[in-house]
S.K.: 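Input: one structure, supplied below.
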Amino acid sequence: MVDATGSKYPDGDDEELPNQPEKADDDIRAAWNLRPRSLAEYIGQPEVVERLHIGVSAARARGDAIDHILFHGPPGLGKTTLAHIIAVEMVTNITHTSGPALERPADIVGILSNLAAGDVLFIDEIHRLNHSVEEYLYSAMEDFKVDFVAGKGAYAKTIPFPLKHFTLIGATTRAGLLSAPLRDRFGITCHLDFYADDELTLVIKRSATLLKVNIDEESAREIAGRSRGTPRIANRLLRRVRDYAQVKADSNIDLELAKHALAQEGVDSAGLDRLDRQYLTTILQNYDGGPVGVEAIAATLNEDSSILVDVVEPFLLKMGFVIRSSSGRKITDLARDHLGFPPTGGQVRLL
Ligand code: ADE
């Protein structure tokens, strides 16, 4: 695997580095080590896995590169993992980069010209590509060539550069931000959805085996139920519960211990973390339950609005804790109940 961005780990997780680099390195490396390496090992997303299996098998039988693929969906659901699995299944190399890392056309031309036939180029956060870079991708994806312009003004020369038949895999949390010409050049488009608790329970049991910790069914279920439908979160919580078990209980995880450890992590019974709860209580207390625009919530929380839109809101919307209307975000009675607030127009509940 080639990393074209200087990113230490090929999962776009570098931005999650906490303040203690050594600890973060361990965490990110651990997350990477727990990922499935083949479609057969992959748990969940059955329709996506089936479509990829067919695409890979057909391309291999023809001796061709698989068509360009776009993965979209909330963070942590397996977009990067699937890109790497496809390279493994196609028995080819993968070059990993991201939209923001490709600043100039020369960056993308350099990478494209180094790809061998069948190679995978993975571009994470593809919705953040610079427009001039994106334009180079159109002919690269469609005709496997780029026209590189050297020089300026009257002396500018267009140098056509043929490329090998490669596969572009793009990943985005915001398919709606992709331009139509780019979106249309992907032959296979897959939406990744939140995982069911049963699937996350299997992910946790598989990871526990790899981590060599003992976990019973009900504890795995407890962690799964608090993982926001997201394998990356499930594996992170498992590692924190594992740490707790290692210190307190000879590495054996039971339900009581799991609940203690999860409470210590600030994860509540619905899987909401500190930022989720702050988001909801901000709408409730500062904006009278809404409707309120996301920029106003972001300003109150001193948080980037894209974090709220990409990371926080998708799960809260899925849970029915918040609704989005043309006039803004509005909190629901379900969320009020979860946070211990009275329903709209109701009385304060005395605990
Ligand atoms: N680890 C993280 N995501 C996984 C998945 N979808 N299947 C198996 N193990 C995983």
Side-chain angles (χ1 to χ4, degrees), residues 1 7 9-16 24-56 69-90 94 96 120 122 124 169 171-173 188-215 217 219-243 253 258 262 265 267 271 273 310-311 314-315 318:
M1 196 273 305
S7 163
Y9 291 96
D11 57 1
D13 275 352
D14 286 12
E15 75 240 3
E16 290 183 2
D25 276 2
D26 280 353
D27 259 13
I28 293 171
R29 200 175 295 116
W32 188 246
N33 290 339
L34 293 178
R35 291 182 186 214
R37 306 265 189 264
S38 66
L39 288 175
E41 272 185 85
Y42 199 91
I43 296 162
Q45 312 290 345
E47 294 91 9
V48 170
V49 168
E50 172 66 4
R51 286 173 64 211
L52 294 176
H53 173 68
I54 289 173
V56 165
I69 304 171
L70 179 67
F71 291 122
H72 59 98
L77 299 189
K79 299 184 288 296
T80 306
T81 302
L82 284 169
H84 283 258
I85 286 178
I86 285 163
V88 170
E89 299 268 353
M90 291 299 297
I94 181 165
H96 184 118
V120 169
F122 177 61
D124 202 5
I169 304 186
T172 178
T173 48
I188 304 173
T189 296
C190 300
H191 176 68
L192 300 190
D193 218 333
F194 290 110
Y195 290 62
D197 284 358
D198 283 351
E199 294 168 335
L200 285 184
T201 304
L202 291 175
V203 168
I204 289 165
K205 290 203 290 193
R206 173 183 175 275
S207 300
T209 306
L210 293 173
L211 291 170
K212 298 188 174 53
V213 286
N214 296 321
I215 187 165
E217 177 76 21
S219 311
R221 250 177 211 288
E222 183 69 24
I223 300 174
R226 301 205 205 186
S227 298
R228 298 174 108 256
T230 307
R232 184 189 289 165
I233 297 180
N235 281 335
R236 179 167 55 76
L237 292 179
L238 172 65
R239 291 197 307 277
R240 295 294 72 79
V241 175
R242 182 266 321 257
D243 290 352
I253 299 172
L262 290 166
E265 282 299 302
V267 178
D273 63 17
D310 290 346
V311 181
F315 184 70
K318 180 192 162 354

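The structure displayed is predicted, hence computed values, not measured ones. First listed ligand is number 1; within each ligand, the first listed atom is number 1.
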S.K.: Counting each atom of ligand 1 from 1 as listed, which ones have a heavy atom of Leu34 under 4.0 Å away?
M.R.: 1 (N)
S.K.: Quick check for you: to the nearest 0.5 Å, what is the distance between Leu237 atom CG and Ile223 atom CD1?
M.R.: 7.0 Å
S.K.: Should Pro36 be listed as contacting ligand 1, given a heavy-atom distance under 4.0 Å as the test?
M.R.: yes
S.K.: Between Arg206 and ligand 1, is there a nitrogen or oxygen pair with a distance under 3.5 Å?
M.R.: yes
S.K.: Charged N to carboxylate O under 4.0 angstrom, Glu41 versus Arg206?
M.R.: yes
S.K.: What I want to find out is whether Arg51 reaches Glu47 closely enough, with some N-O distance under 4.0 Å, to be called a salt bridge.
M.R.: no
S.K.: Please identify which atoms of ligand 1 are closer than 4.0 Å to at least one heavy atom of Tyr195.
M.R.: 6 (N)
S.K.: Is a side-chain N or O of His72 found less than 3.5 angstrom from the main chain of Thr172, in a donor-acceptor match?
M.R.: no
S.K.: Under 4.0 Å from a heavy atom of Tyr42: which atoms of ligand 1 are those, numbered in the order shown and with their elements?
M.R.: 6 (N), 7 (N)
S.K.: Among all the protein's non-hydrogen atoms, which is closest to atom 7 (N) of ligand 1, and how far away is it?
M.R.: Ile43 N, 2.9 Å
S.K.: With backbone taken as N, CA, C and O and side chain as the heavy atoms from C-beta onward, which portion of Val203 lies under 4.0 Å from ligand 1: side chain, backbone, both, or neither?
M.R.: side chain
S.K.: Which residue supplies the protein heavy atom nearest to atom 3 (N) of ligand 1, what is that atom called, and how far is it?
M.R.: Pro231 CB, 3.4 Å
S.K.: What is the ring orientation for His84 with His96, classed by angle as parallel under 30°, tilted 30 to 60°, or perpendicular over 60°?
M.R.: tilted
S.K.: Heavy-atom contacts under 4.0 Å between Leu202 and ligand 1: side chain, backbone, both, or neither?
M.R.: neither
S.K.: Before you tell me yes or no, could you show the steps for Ile215 and Leu238 under side-chain contact (heavy atoms from CB on, under 4.5 Å), namely the whole-Å CA-CA distance, both residues' side-chain angles and the distance that decides it to 0.1 Å?
M.R.: CA-CA 10 Å; Ile215 187 165; Leu238 172 65; 4.1 Å; yes
S.K.: Would you check if the side chain of Lys79 reaches a backbone N or O of Gly73 as a donor-acceptor pair within less than 3.5 Å?
M.R.: yes
S.K.: Return the residue, atom name and 0.1 Å-rounded distance of the protein heavy atom closest to atom 1 (N) of ligand 1.
M.R.: Asn235 ND2, 3.5 Å
S.K.: Please state whether the rings of Phe315 and Phe194 are parallel, tilted or perpendicular, taking 30° and 60° as the class boundaries.
M.R.: perpendicular
S.K.: Using a 4.0 Å cutoff against the non-hydrogen atoms of Glu41, which atoms of ligand 1 qualify?
M.R.: 8 (C)
